[in-house]
Each structure stands twice: as C-alpha cells, then as structure tokens.
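Here is the structure we will look at.
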2 protein chains.
Amino acid sequence: MKIYRVNMTNLTFSAEEVPERWKLLGGRGLTSSIISEEVDPTCNPLGSKNKLVFAPGLFAGTKAANSGRLSVGAKSPLTGGIKESNSGGTAAQRLAKLGVKALIIEGMPKDDKWYTIHVHKDGVNIKEETELMGRGNYEVVQTITSRYGENTGIMTIGQAGEYKMSMANISVKDPKGHLRSAGRGGLGAVMGSKRIKFISLDDNDGDGIDIKDKKKFDEAAKIFNKGLLRHPVSGEALPKYGTDVLVNILNEAGGLPTKNYRMGRFEGAEKICGETMYDNIVARNGDTTHGCHVGCVIRCSQTYNDKDGSYITSGFEYETIWGFGAGCMVDDLDIIAHIDHQCDDIGIDTIDTAGTMMVAMEAGLLNWGDGEGILNLIKNEIKNGTPLGRILGNGPDFTGKAYGVSRVPTVKGQTMPAYDSRAVKGIGVTYATTPMGADHTAGYSVTANILKVGGSLDPLKKEGQTELSRDLQIATAAIDSTGLCLFVSFAVLDFDEVFAALLDMINAQYGTQWTKEDWNEYGMNVLRIEKDFNRRAGFTSNDDRLPEFVSEPIPPHNAVWDITGEELDRVLMF
Amino acid sequence: MKIYRVNMTNLTFSAEEVPERWKLLGGRGLTSSIISEEVDPTCNPLGSKNKLVFAPGLFAGTKAANSGRLSVGAKSPLTGGIKESNSGGTAAQRLAKLGVKALIIEGMPKDDKWYTIHVHKDGVNIKEETELMGRGNYEVVQTITSRYGENTGIMTIGQAGEYKMSMANISVKDPKGHLRSAGRGGLGAVMGSKRIKFISLDDNDGDGIDIKDKKKFDEAAKIFNKGLLRHPVSGEALPKYGTDVLVNILNEAGGLPTKNYRMGRFEGAEKICGETMYDNIVARNGDTTHGCHVGCVIRCSQTYNDKDGSYITSGFEYETIWGFGAGCMVDDLDIIAHIDHQCDDIGIDTIDTAGTMMVAMEAGLLNWGDGEGILNLIKNEIKNGTPLGRILGNGPDFTGKAYGVSRVPTVKGQTMPAYDSRAVKGIGVTYATTPMGADHTAGYSVTANILKVGGSLDPLKKEGQTELSRDLQIATAAIDSTGLCLFVSFAVLDFDEVFAALLDMINAQYGTQWTKEDWNEYGMNVLRIEKDFNRRAGFTSNDDRLPEFVSEPIPPHNAVWDITGEELDRVLMF
C-alpha cells in the first residue's frame, strides 16, 4: 500500500512508500500519528500548515464484518486540538482497494479557485470546480454519480464547509447513494480551507489488499461475524429500532438531557423514540434496516419517509433525535427528520447544531420546542452564510459568546451528546477527558452504566467510573484504528471468542502475534499521541472539565457531578 | 480607607476594613491581587463567579501630578486571562476622597432587571434602572449629570456592554463631561453581565485620604511635577500635538502598521498626523490641550471639532487614529474622529474595533480605506446588536473565525496596537509576553527603540529587547499601582530626581522606607500574581506568541520577527 500526498499549494500529487513505523497503523491510529508528526500543534487549523488525512482502517477491504469505517484527521477548528472523526459509507473500502493507506492533503491554494480531487488506480487528478460550488451534499452526490458513474465513492462538503464553519462535517456517500458523515470537530471546514469541494474515488482495477494467512483470517472473520449477530444489542435492538432505541432507555434511566441539560426526562420522549420511528417507517414504506457500508451485519441505519412515502432522511441517529428533540424540547419526529436532512445537505454536525440551537434558545433567538424555528435558522441562515448563520455555524461556544449566554453544554468547544454526565457518570468522565472534546463514542461508558454490557456499574455513583471510561477509551482507540464500527464492541466486551477472533484477524492479516496486552498497548499509544498533541497545542487539565452547570442537581434523581479534577487528571495518565 | 463590596446576587452592600496585606496596594496591584485571591481562574468571565474591581491608585487624591488614573480589574472575556485596564477621568480621585480603596462587585442578579450603583459618603445604594437602558454613554453622562449634579463622577457602559460584547469598555466621565475609557479587555461586558448600567459617585463630605508626612510629600510632589514639565516628551510634544504626534515618528521609522500589518509606512500618514490634527483644531476653535483628570500637567488630550466648529470627539489618541487610519488605510482624520465618537458612545475599545475592521476588510465585508463603511458598521450593526454587530463586537479573533480569516492581528485575542513588532522589536516582546494580551502600555519599549528615552536601542535588532521589555513591564506594573499616568515614565526614566521624588512621595504618604529595589520587587510581584492567574486559567507559553504573519518581512526595512519562543519564555521568569 501507499501513502498518497496531495499538496494544494502547488497542486501536486505524490505516492510514497509506507514508512515502517506506520505499517501496523490504520484508521485513527494512523491519522493521529500523521497529524502529530507533521502538523504544528500551534498552527491555525484553517491555515496552510494544517493537514487533512483520510485513512481506512486495518481491516478495510477484508471480509471482516463492519470493517468499512473511514477515519478523518486534522487539527480541529472546533476544539483547537487533534481530531479523528469516523464515518460509514463506501470510501474506506474503495481507498483500501486502491491500495491507499492514507490520503494526506496539505497546503492551501494560492488563488481563490475551488478544486476537486479524483483518486483512481493510477493516482490523483486535481481539477478546478465551478459547477457544484454553493451546492448541498445531496446534489453533489447526484451530480458526481452521473458524472463518474454509480460506483464512484464520494467525500464532500456542503455550504458549511465552503464557509469554513467550525461545525462543518465531511459527508461520505453510502451504498444507497445517501449520506454518512465524519461529523464532529469541523473537519469540513479544514477541507473548505484547502478549497476542495469533493473527493471522488474510482476503485476500478485497484490492486486490493494483502492478507498473510487468508484461511486463518476467514475462519476468524466467521466467528466474529456470528458473534455480532448473537448479541442482543447488535443482533436485535439495533437492527430493528436503530440507535433511536435509546430514547426510551435513557429517559427511563433519567439520563436523557432535556432543555439544555436541565432535566433527565423528556415528556415528549414517546413521540420521538425508536419504537415510534419503527412504526412510522413501516407505515410509510421506509426501510427499517440497512448498513452504512458493504459488509455491515448490524444494519442500524434506516430510511425515514414522510407521510406521503417520500424520502426525508437516512442514518437517522439517536443523538440527532435527542439533540433537537429532548435537548430543544421538540416532540415531533417528522420535523426532526427534516432538520436532519438539512444538516446532512448543508454539511453540519447534528450534535453540535443541536447544542447550538439550545444556546440560541437560551439567548431568546427562538422558543423552546420550536422545531420549525430550528429548521428555518438552518435553511435560511446557516445555509446562506448570513451573519446569524456564521454565528450559529461556528457552534455552541461561539453562539454563546455572541449572545452572552454562559449555559453552554460543551467540553473543548464540542457539544456533550445524548447522555447526561450526572445521571450516567461514566460517560461524563469520557466527555471530560477524551482528547477529542465531548464525544460519547470515545469511551462509551453507557455500556456498563445503562446497557449492562461488559459488566454493570451504578450510573449514579462515582465508584469505578474513571476506570471504566479509561478501559473503554483505550479499547475504542484500538477499535477506531481497525476501521471496525464501534458497535462491534458489545459482542467484543461480552463474548470472549469474539475478542479472540478480532486478534486472530489482525494476526492473520498482518502476520503478527498480538495478545490482549499488545491490543491494549496499541490503544494506549494512540491516546498518548493525541494527549501529547493537545498538550503541545496548549491544552491543560482545565480543558478536561465539564461545564459549570453540572454542579446543579438534575431531576429525577437530582444527581450532581462529583468526580473531582484530580480524579479526571488521572484517567489517561499512562 | 475601606473596601466596598457590592453583591449583585443579593443586592447587598458591605464596607470592610482593608486587610493588612492590601494596605500598600493600589490601582493595578490591588485589582490584580483581589482578582487573583477571589476569582476562580477557570470561571466563565461573564458568569456569576467573576468579579469586577475598581481601585484608585496609591497617590489618588493627593497633589501628585497625574495621579488620577483609575484601575479596573476582572477576568477578561476577551483574553480569558486576568485584566487590568486603566482610565483617566474623575472617578479615581472621587473614590479616594470617599475613602474607598477598592469597590468590588460580585455575583449576578437573579432577575432580568438592570441596576445602577450610587456611591456616597454613607455607602452605596443599588437601584433599578430603566430610563437609560439602551442609551449611549454621552447620553448617560448628560442625564446623570442633570439627575445628580455637575460634580457627580460616572462610570458607565454603552450598548456594547449591555450586549456583553467582548470589546465593550467602561467609560469614565472626565472634567469636561466628556468620556475616557478603561478600554481594553471587555470589562464593559463584565459590568453588563452584572447588569449594572452605570456607577455614580458623590464625593461630598468624603473623609479624604491620609498622608503621614505632608510636608515631605508636598516637597517631593513639587520636584516630581517640575520634572514632568521639563521633559521634552511630556512637557512639549504631548501637550501640543497629543499622542498623535507619533504618526509621523512611527511612519518615519517604518513601524506604522499599515493595511493589517502588511507595511510599515502609510501613504496617507500626513493627512492623519498630529501636526494636521493640531492645525485642524486651531482652525476650528477646538481645544489643543487639556488633561483627562484634575491635576494632570501633561494635558495630552484635546477637543476635536468638525469644520463647522461643533464638537466631534476628545481624547483622540494616536492608537485610535493609527488603527482606523493606517491599519484600515483610511486617510481622513474627520471620519476617524466620527468613528472615535461612535466607539466612545457605544462603549467599545477603539484599538480592538480597528483590529476587527481590518479583519472585516480581509473578509471582504468592506473595502480597504472605506471610512464611511466602518462608521456604518459601528452605527448600524454593533450599536443595534444585529447578528453582524454581535460578530464584530466580539473582536478580531471572533470576526476572523466567523468569516474564516486567518490573518488576525492579536495576541491572547487582543489587538496589537500601533507599533509593528518587527520594526520595533521591543514592543513585540511586550505584546507577546504581558499577561494582559497585546498591549503597548504594559511595557512601552517604544521609549528606547524609537523615542530615545531611557537609553537607545536599535529597533530592528533583537539584542537587548527582551531585557528592555522586562524592565519596562516591571516599572509599568508599579506605576499602574500608583494611579500615575504612564506618561510620567519619560521623566522618571530620564531624570534621576524625578524617580527619587516618586519614591519620596510613597514613603512620605505611607511611612515606608522604599528603595529602588523595593519598587522593582513591587512591580515584579504584581506581574507574578498576574502570570500565576493566567497559568491557573489554562494559559501556556503558546499564548505568549505573536500571530503567524510576523514571519513575513515588513517593508520598508523588510524586518522579520526573530525573537524565539525560548527567549520570550524567559522574559517574565522571576
């Protein structure tokens, strides 16, 4: 495999051998290593010194189930620290088939033109783009598909990325031609700063990947795949209800953050829960279950139609529904679906957009529960880059500062997602300490706290939470490097043979002899690299803290945040 | 003397004895000590945990010339660090006469009402305010003067402070009823967050201050006053041309930052220089020289009228004229005067507003040189708190982020003033290292670099610059604690007997035996307190750096910034 390097200052391309030290890296491990080695941590994230790295995971292109996640890395304009954001869609597997271990984009055009990058078996073409400038992601995907054919992979930015808004995401075409997103941390703004509207991938005649011991790999992959289907979360709940199955679970647990984290239960939960979504999809001839990439066996995605049976959105996730729903007090699933569509099309992260709307409601820009108002701000302000849109598009901290609002639900500038840190303490530890800024996926302590997966821990008590978050953050850093979907973790945590199969697959593919200890060391090393980058970027332990309002009790349990700064400082000290 | 403490949460007032450790502190030394002791460095600057402290200097209320400066301190919403901003006007001397060593405002109202604070010989009254909400500073001063009489001192915020914009200043009524400002760092936003529109001061029947050895004090004060008048800068140049005398001097030196720091000379300099200002004032029956507070013998202020002889502005400073002039390429002194008037009235810092307009020009919001465009943005957007006004009102970094502009001329979020750091290297050291964010007054190395005061140092060479800046930062921290105007420094630096008289005045007033070493230790201690606060707030050496563009050569000398990070890190290491 090769490292593909595109320099946007000179508009040049080069293919490089993979250095020895990067050979066993993939996904997040590779993007974070490249950013750490090649990017000045003090640089302006939207200046020419930042780099944008796309990397498929270690298993990309293999038969391993759920191994098609794509990692994207850069210094984040939202958090100011290192960022890895991963996404489904078809890009990772196409990059792997093309033999591209990482695509590094550096520099910045000297002129004001916009460009596109086309990756194919012979390398990369850089072309000027005019037709699609100012257009949304849905239109980009449709136009490129007709330009280059159905089988083209696409990574694109919407208007938000063109405006370099720090909530801008990078969208990736999925197998149905819909959109998946590398959502968090404003990586779309970094792509916009390099003036690239989209990257297209043609994997025809690609060399594909290499597996040292194919037979052993296939055997392990079979056990792995079976394990995912045998677990009640990945085999039953997620395929049927999608991630939105969590609305009722978190509401019951009193950990569904409502009205910008004032309460842990939402009166309108029933109207936005996974069961309601399922009923709507069935009644409206949608699709209750499909995968975001080829080879996904969990298939937690869906297609959500309106009452007339017309497509509104897909990949309609719990965190999106929570954010605009309970977070903003909107109890109408259809309007939230339209909001999700707009966010995907404009290319903004739904969690941070929801956090921003909560702040806008605090500021009195719109009323709690006003779903139409949210849709209007997104469609008319953010999409058009009006001054108000520029405020909102730069996220909750920015909006809070513009309007003098101090109740802002972020860590490192990134919105805390759909699980309250006082009622689900393990996830609060992750929000505070992950180098990524508040991110549930970085160490999903909801497992043992709420789902009773990988053990059981009282979510309201602090005991054991820092250890739980640490272990999960380490495992996640490794998982994110394989290109496996995080949802394989349920089976990996609960079934010994699934974890063994995971190690077997690595060893079979790469000819290694990894043990559980090597796996842990791998994850720890990724975190060390990321922590070190942030330290060099100027982060201190002050940045590893939750917002001031977590000292307020949250009903119904009236839990408060009681994990001390000293305890947080020790979480990733290894 | 007493410490006056106003709690805005409970709307209560208390008078406290001055603790022993604060007795020899005044001005900046006292505000920084109180903020450091009482404010959580990690707090939201616009939340209830921040405090706003007003303190007259050690000499306030005495006969010492130029001793009427007022220090205002808080955690800054602009820089995120500790802030002392000082101002002329009549407030410091009135506070001293009332026996108030410091006025501490803490907490935040629980309701949405706005308040005023009236300080008089028997304490403090807190009243609700409705009439003046939404009004500019000029109208506030006029109305309060007619409410409470000509002799009332006033500290007030304009619309920007009400909006909690991070460029908002606190305006102080001067002897002519015009406005002086504690300009930098957004302290007006802190006052706004506590929902105080203005503070009025009635010093009738105040107890006044105590001087241990009045005769010795008077003798020293006489020598001190004479020295100020004998120095060519404070005795001749400043009284005649005001601070704007510096336009021609810096332009000649190639250190007048032009077009957002692209060049060191401005073609239109002649049209905005002090000599032109002087001619206009004389021709239009303005006032070429007056003091910003009673007892000022330098009198660098002036009243600038329009062609019809009507008042436009006063306290029309070099940094203001540089910023909107050379910085934004506007070569029309009258339009800059109108901009200055608007900034004073709305209550925004002129240096940061100029920096913001440079960024707005980079973003294409208006053209270089468009003075009317600047005036329009201030009058119609910032003043009205429109979304665009909210962006601009939060300063250059904020505006840069909103529009994806990376050429932003700030350190710690605060605009670098009117002296280029490549062509006047000593001032660059101060911009980078002062705990205040880029601030020329924190260590005015222009003295030896350009004015040949206190020695002479080649401004284009790095040799000696870190030592120069260090010495001046130490001396300034001490001067700022006395309530003396910084412009006494020219005579203090050049004339031994003036510095001796300064020490004599302290010793006579407070019964101390201070030597030069004690004076230095005093200044160093203030800086230590401030550095420590910033460290606890999360600042690292990364924050003590100039923006990336200082690596570009600046014509005419094509100087680049060549002082290393390691050298900067040592400046305030004591």
NZ of A/Lys401 to NZ of B/Lys401, rounded to nearest 0.5 Å, is 10.0 Å
Rounding to 0.5 Å, atoms OG (B/Ser406) and NZ (A/Lys49) come to a distance of 10.5 Å
Cut-off 4.5 Å, heavy atoms of chain A, and the answer for B/Arg545 is neither
Okay, A/Ser166 and chain B: the region with an atom under 4.5 Å from a heavy atom over there is side chain
Determine whether a donor-acceptor pair (N or O, by modelled atom type, separation under 3.5 Å) exists between the side chain of B/Asn542 and the backbone of A/Thr42. no
Turns out that what part of B/Thr540 lies under 4.5 Å from chain A's heavy atoms comes down to side chain
Comparing A/Gly385, A/Gly393, A/Ser193, A/Ala537 against chain B, the one with the most heavy-atom pairs below 4.5 Å turns out to be A/Ala537
dist A/Asn44:CG -> B/Arg407:CZ (nearest 0.5 Å) comes out at 12.5 Å
Q.
Tell me if a side-chain donor or acceptor on B/Glu548 pairs with a main-chain N or O of A/Cys43 at a distance below 3.5 Å.
A. no
Applying a strict 4.5 Å limit to non-hydrogen atoms, the region of A/Pro41 in contact with chain B is neither
Residue set satisfying salt bridge (Lys or Arg N to Asp or Glu O under 4.0 Å) with B/Arg390, at least two apart, ordered chain then number -> none
Only residue of A/Leu392, A/Thr386, A/Leu388 satisfying side-chain contact (heavy atoms from CB on, under 4.5 Å) with B/Pro387 is A/Leu388
Answer key: most heavy-atom pairs under 4.5 Å with chain B among A/Ile391, A/Leu46, A/Leu365 is A/Ile391
Okay, B/Pro77 and chain A: the region with an atom under 4.5 Å from a heavy atom over there is backbone
Sorted by chain and number, sequence neighbours left out, salt bridge (Lys or Arg N to Asp or Glu O under 4.0 Å) with B/Glu38 holds for B/Arg5, B/Lys51
